[in-house]
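Okay, structure first, notes after.
Residues: numbered from 1 along the sequence shown. Both counts, for ligands and for their atoms, begin at 1 and track the order of listing.
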Amino acid sequence: MGAERLRGVVALDGPSGTGKSTVARRLARQLAAGYLDTGAMYRAATLAVLRAGVDPADPEAVPVAVRAVVEVGTDPASPAVQLAGEDVAVEIRGEPVTSAVSAVSAHPEVRQRLVDQQRRIIASVLASGRQGIVVEGRDIGTVVAPEAPLKVYLTASAQVRARRRGNQDRRAGRGGDQASTLVAVQRRDELDSGRVTSPLRPAEDAVVLDTTELDVPGVLTALRRLATERGLVELAGGGPR
Ligand code: DC
C-alpha cells in the first residue's frame, strides 16, 4: 500500500484536555500534512503581554504588546514556537501563561491579528509541497477556516479532561493537584465559551466526537475514517482512496 496523504484543511476544535493536540499532530504525521497549533500562538502572545508587564485585561495596552512577532512552525514532527526570535515552547506551557491566556485571547484586536496570521500560514502550507493541514484550536471551524471540508469538535467530560491535563503537566514536570486542575480547566472553559468574540462552540456542520471513553488510537481511527469518507485522503501519486 502506498503512503496516504491528506488533501485540504481538517479543523479540530474543542476545549482543553480532549486530546486535541496529540491527535492533531499524529494525524498530520500519518497523512504527510502540515500542523498548526493556534493555541500556541495565543500562548506566545500572552507571554509577550506578561513580559511587557501589561495587565491581561487592559484593552488598550494588550493589543500593543501582542505586536511582538510570534512565529510557529507547521512541521508536526517538531512544532516550534518563537517570540521575537526566541524559542518559547516550554515557557508558554507554564502556569503564568495558562492563567492569563483566556483573558488575552478574548480581546478582539488580538484575535483579528492572530486569525489573519493563521489564514496566511494555512494558505502558504497548501501552496507548498504539503497539500493538507490539520489546524487545532477553538474557532477554526467557525472563524479561521469555515470552508474546511472536515470540521471535528472534540469533547470529553470535565473530569476526564482534568485528569489528562494533570497527567500531561506531571510528565512535563509541572505540579498541581487533581482538584485544582479541574477547577482551572472549568474556569478556562467558561471564559473561552463565554467571550463575545468567536466563543468556543462547534460549527454548525462540525462532527462532534466525544473522547471520554476513547484512547488516542481510538480518536485517530475515527478521524482517519471521517477524512477518508470525505475524500480527503489520497494515495501519494494517486487519486482519493
Ligand atoms: O489549546 P491551548 O490550551 O493551548 O489554548 C490556550 C488558550 O488559547 C485557550 O484557553 C483559548 C485560546 N485559544 C483561542 O482562543 N483560540 C484558538 N483558536 C486557540 C486557543
Side-chain angles (χ1 to χ4, degrees), residues 9-25 35-50 56-57 62-63 66 70 72-74 76 79-81 83 88-122 133-146 148 151-156 158 161-162 164-169 172 174 176 181-203 206 211:
V9 179
V10 173
L12 217 49
D13 288 302
S16 81
T18 49
K20 226 175 19 199
S21 295
T22 307
V23 295
R25 264 181 84 174
Y35 162 70
L36 180 59
D37 176 0
T38 61
M41 297 173 72
Y42 286 95
R43 285 172 178 273
T46 300
L47 183 58
V49 169
L50 297 180
V62 166
V66 301
V70 170
V72 285
T74 55
V81 194
L83 176 62
V88 292
V90 173
E91 198 172 351
I92 61 167
R93 307 282 162 201
E95 204 279 323
V97 168
T98 300
S99 301
V101 65
S102 290
V104 171
S105 56
H107 294 283
E109 295 89 343
V110 174
R111 303 204 69 80
Q112 191 58 57
R113 182 180 185 84
L114 293 187
V115 167
D116 287 347
Q117 190 181 353
Q118 288 154 14
R119 289 181 177 149
R120 284 196 301 274
I121 294 170
I122 294 168
I133 183 165
V134 181
V135 188
E136 63 148 305
R138 303 290 192 285
D139 61 343
I140 311 307
T142 51
V143 176
V144 177
K151 303 173 189 175
V152 181
Y153 188 89
L154 297 180
T155 61
R161 292 189 290 112
R164 289 176 185 160
R165 196 24 73 102
N167 290 343
Q168 220 172 42
D169 284 347
R174 291 186 295 264
T181 305
L182 176 60
V183 170
V185 160
Q186 286 172 324
R187 179 177 160 269
R188 205 138 64 89
D189 286 356
E190 265 168 40
L191 292 170
D192 293 344
S193 308
R195 69 178 173 230
V196 177
T197 311
S198 39
L200 169 66
R201 63 175 172 80
T211 72

Next on the checklist: Using a 4.0 Å heavy-atom cut-off, which part of Arg93 comes near ligand 1: side chain, backbone, both, or neither?
Outcome noted: side chain
Checklist outcome for this item: atom 11 (C) of ligand 1 sits nearest the protein heavy atom Asp192 OD2, 3.4 Å
Checklist entry - Which protein non-hydrogen atom lies closest to atom 18 (N) of ligand 1, naming both residue and atom, and how far is it? => result Asp139 OD1, 2.8 Å
Next on the checklist: Just verifying a value: how many Å separate Ser21 OG and Glu136 CD, rounded to the nearest 0.5 Å?
Outcome noted: 3.5 Å
Checklist outcome for this item: shortest atom 4 (O) of ligand 1-to-protein heavy-atom contact is with Arg43 NE, 2.7 Å
Checklist outcome for this item: Looking only at protein heavy atoms, what sits closest to atom 20 (C) of ligand 1 is Gly39 CA, 3.5 Å
Next on the checklist: To check your reading of the model: name the closest protein heavy atom to atom 19 (C) of ligand 1, its residue, and the distance in Å.
Outcome noted: Thr38 OG1, 3.4 Å
Next on the checklist: When you compare the side chains of Arg188 and Ser99, does any donor N or O come within less than 3.5 Å of an acceptor on the partner?
Outcome noted: no
Checklist outcome for this item: In ligand 1, the atoms that come under 4.0 Å of a heavy atom of Gly137 are 18 (N), 19 (C)
Next on the checklist: Is it true that, when you exclude Arg187 itself, more than 12 heavy atoms of the residues, nucleotides or ligands shown sit nearer than 6.0 Å to its CZ?
Outcome noted: no
Item to check | Arg188 N/O to ligand 1 N/O under 3.5 Å | outcome: yes
Checklist entry - With respect to Tyr153, which candidate in Leu12, Thr18, Ile140, Asp13 satisfies the side-chain contact (heavy atoms from CB on, under 4.5 Å) definition? => result Asp13
Checklist outcome for this item: The atoms of ligand 1 lying under 4.0 Å from a heavy atom of Ser102, numbered in the order shown, are 10 (O)
Checklist entry - Of Arg111, Arg138, Glu136, which has the heavy atom at the shortest distance from atom 1 (O) of ligand 1? => result Arg138
Next on the checklist: Testing the 3.5 Å rule here: is there a donor-acceptor pair between the side chains of Thr211 and Arg164?
Outcome noted: yes
Checklist outcome for this item: among protein heavy atoms, the one nearest atom 12 (C) of ligand 1 is Ser105 OG, 3.6 Å
Next on the checklist: Strictly below 4.0 Å, N to O, side chains only: are Arg93 and Asp37 in salt-bridge contact?
Outcome noted: yes
Item to check | Min side-chain heavy-atom separation Gln112-Ser198 under 4.5 Å | outcome: no
Checklist entry - Given side chains that start at C-beta, do those of Arg43 and Val81 come closer than 4.5 Å, heavy atoms only? => result no
